[in-house]
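All of these numbers come straight from a predicted model, not from anything done at the bench. Below, chain A is the first sequence line, B the second, and so on; all start at residue 1.
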Amino acid sequence: MIEVTIAVNGIEQRHQVEDRTLLVEFLRDQCGLTGTNIGCDTTQCGCCTVHVDGRAIKSCTLFAAQVDGAEVVTIEGLGQPENLHPMQAAFRRHHALQCGYCTSGMIMQGVDIVRRGRAVDEATIRHELEGNFCRCTGYQGIVEAIAEVARTAPESCKASGDAA
Amino acid sequence: MSVPDFAYRRPATLAEALDLLRSDPEARALAGGQTLIPALKQRMTRPSILVDLQSIPEMRGIEVDADRVSIGAMTPHAVTATDPRIRAAIPALAAMAARVSHPQVRNLGTMGGSIANNDPAADYPAAVLGLGAEIETTRRRIAADDFFLGLFTTALEPGELVLRIHFPRPDNCGYVKFANPASGYVTTGAFVARGPAGVRVAINGAGPVVFRFTDAEARLAGDFTPAALDGLSLPAAGLNSDIHASAAYRARLAAVGTRRALAIALAQPPEQIKESA
């Protein structure tokens, strides 16, 4: 067992876990944050995408112990049902989800794409979404939602460590 | 829990890391984990201890001078892809890093981890061999020509770690890969470079291990133009053949890729620094 302390959505989470605990397991089982989904568990589908120190990663392919001391943001830290993050609102507006399973990962990756200034055109957004699978929507609404946030609210996607 | 149990350690110094790796024959180094963790889930490897290298200073950072670019083994692909000094000095290396796998993997996967794994379908071995880089390890410096030995096999000995990769700055460089559209892995790639060590052409993905395309090198040595490659072909004997591509198709891709990589090398020259800053 190992003690892991991670600031998740601004709240310090300190838990004794097995060394082999994946970050996604830490988030779901220790922190009770089940918005982050496990899809393929093989680093392909992107449903488990969260931000570690401002960078999008796949939490099924990283041990919690590797990010001991880091800051993690999950879908629960982005917005609230009564106060959606602009990316969440854009996904709703553009019908960028159907079953919803990939959505938290898509939104976390969408925020990362805008943060890095990579939402420059449709082709680039699609390229940047290579690590996120959606089996319902055909991606059109997802791409439109990300492009809209890049146009209208790019500052909402900045990470805490980014320059103003 | 999808991964078999092991003990996690994150040493702060290189000496401590090497001690941990020596302490148990089943101990393994953990770099970015983007290949190793999926392999652990599939029970392809069962280490007793995972020694996380993220805090070791000797494996971090990027240094650029008039002659060389030195990249720490733990540098993630996303950093190699966007670092303005690498983009200026070796644009084909930055462009390669920007196309490894997908963005989330690029934030974690490292250059040192990739070359130590030496997957035949990985990108970096082509740049390391094509540019004639030197691999600095915990014991010695190894020329790229002596490093990549075979399928998932390198010159690294047990307990020997890659610290840095030292690339000579080229006059021209270009890389083209034909990637599997589903996995992103390299079906066949070609890296063309001209620099202090002459013209070098490295082919990845096509064979069990990255190799130099000596016929292409000989043609380009005297005439670094597309015309020099007219009629170029690679024998298919010994190349990989699978459901994605036959050996003959890979041989063809190697020749076509070499020509396209040359076009990039000619069109996008690196910035040259005449005097050390």
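- For A:R118, no part sits under 4.5 Å from any heavy atom of chain B, backbone or side chain.
- Within a 6.0 Å radius of OH in A:Y101, more than 12 heavy atoms belonging to other residues, nucleotides or ligands are found.
- At most 12 non-hydrogen atoms from other residues, nucleotides or ligands lie less than 6.0 angstrom from OH of B:Y249.
- If you measure heavy-atom distances from A:E25 to chain B, the contacts under 4.5 Å come from the side chain alone.
- Contacts between A:D68 and chain B at a heavy-atom distance below 4.5 Å involve backbone atoms as well as side-chain atoms.
- Here A:R55 contributes atom CZ and B:R106 contributes atom CZ; the two are 13.0 Å apart, rounded to the nearest 0.5 Å.
- For B:Q104 and A:Q109, the side-chain atoms include at least one donor-acceptor pair closer than 3.5 Å.
- Within a 6.0 Å radius of CZ in A:R126, more than 12 heavy atoms belonging to other residues, nucleotides or ligands are found.
- Contact of B:S101 with chain A is made through the backbone alone, with heavy-atom distances under 4.5 Å.
- What you find for B:L50 and A:F63 is that their closest heavy atoms are CD1-CE1, 3.7 Å.
- Counting heavy-atom pairs closer than 4.5 Å to chain B, the top residue among A:K58, A:E130, A:M1 is A:K58.
- Heavy atoms of A:I2 lying under 4.5 Å from chain B belong exclusively to its side chain.
- Among A:T42, A:I113, A:L22, the residue with the largest count of heavy-atom pairs under 4.5 Å with chain B is A:L22.
- Annotation for B:R87: atom CZ does not count as buried by contact number, only 12 or fewer foreign heavy atoms lying within 6.0 Å.
- Residue B:V105 touches chain A through its side chain alone, counting heavy-atom pairs closer than 4.5 Å.
- Both the backbone and the side chain of B:N107 come within contact range of chain A, judged by heavy atoms closer than 4.5 Å.
- Closest heavy-atom contact between B:I37 and A:Q66: CD1-OE1, 3.7 Å.
- For B:Q54, the part sitting under 4.5 Å from any heavy atom of chain A is the side chain, from C-beta outward, and nothing else.
- Heavy-atom distances place both the backbone and the side chain of A:E128 under 4.5 Å from chain B.
- Interface residue A:L62: backbone and side-chain heavy atoms are both found under 4.5 Å from chain B.
- Around CZ of B:R28, the count of heavy atoms belonging to other residues, nucleotides or ligands within 6.0 Å does not exceed 12.
- Minimum heavy-atom separation, A:T43 to B:H102: O-CE1, 3.3 Å.
- The two residues A:T61 and B:P38 make their nearest non-hydrogen contact at CG2-CD, 3.8 Å.
- Taking each heavy atom of B:K41 and A:D41 in turn, the nearest pair found is NZ-OD1, 2.6 Å.
- At a 4.5 Å heavy-atom cutoff, the contact between A:T49 and chain B is made by side-chain atoms alone.
- Ranked by heavy-atom pairs shorter than 4.5 Å toward chain A, the options B:L108, B:D5, B:T82 are led by B:D5.
- Using a 4.5 Å cut-off between heavy atoms, B:L36 makes no contact with chain A at all.
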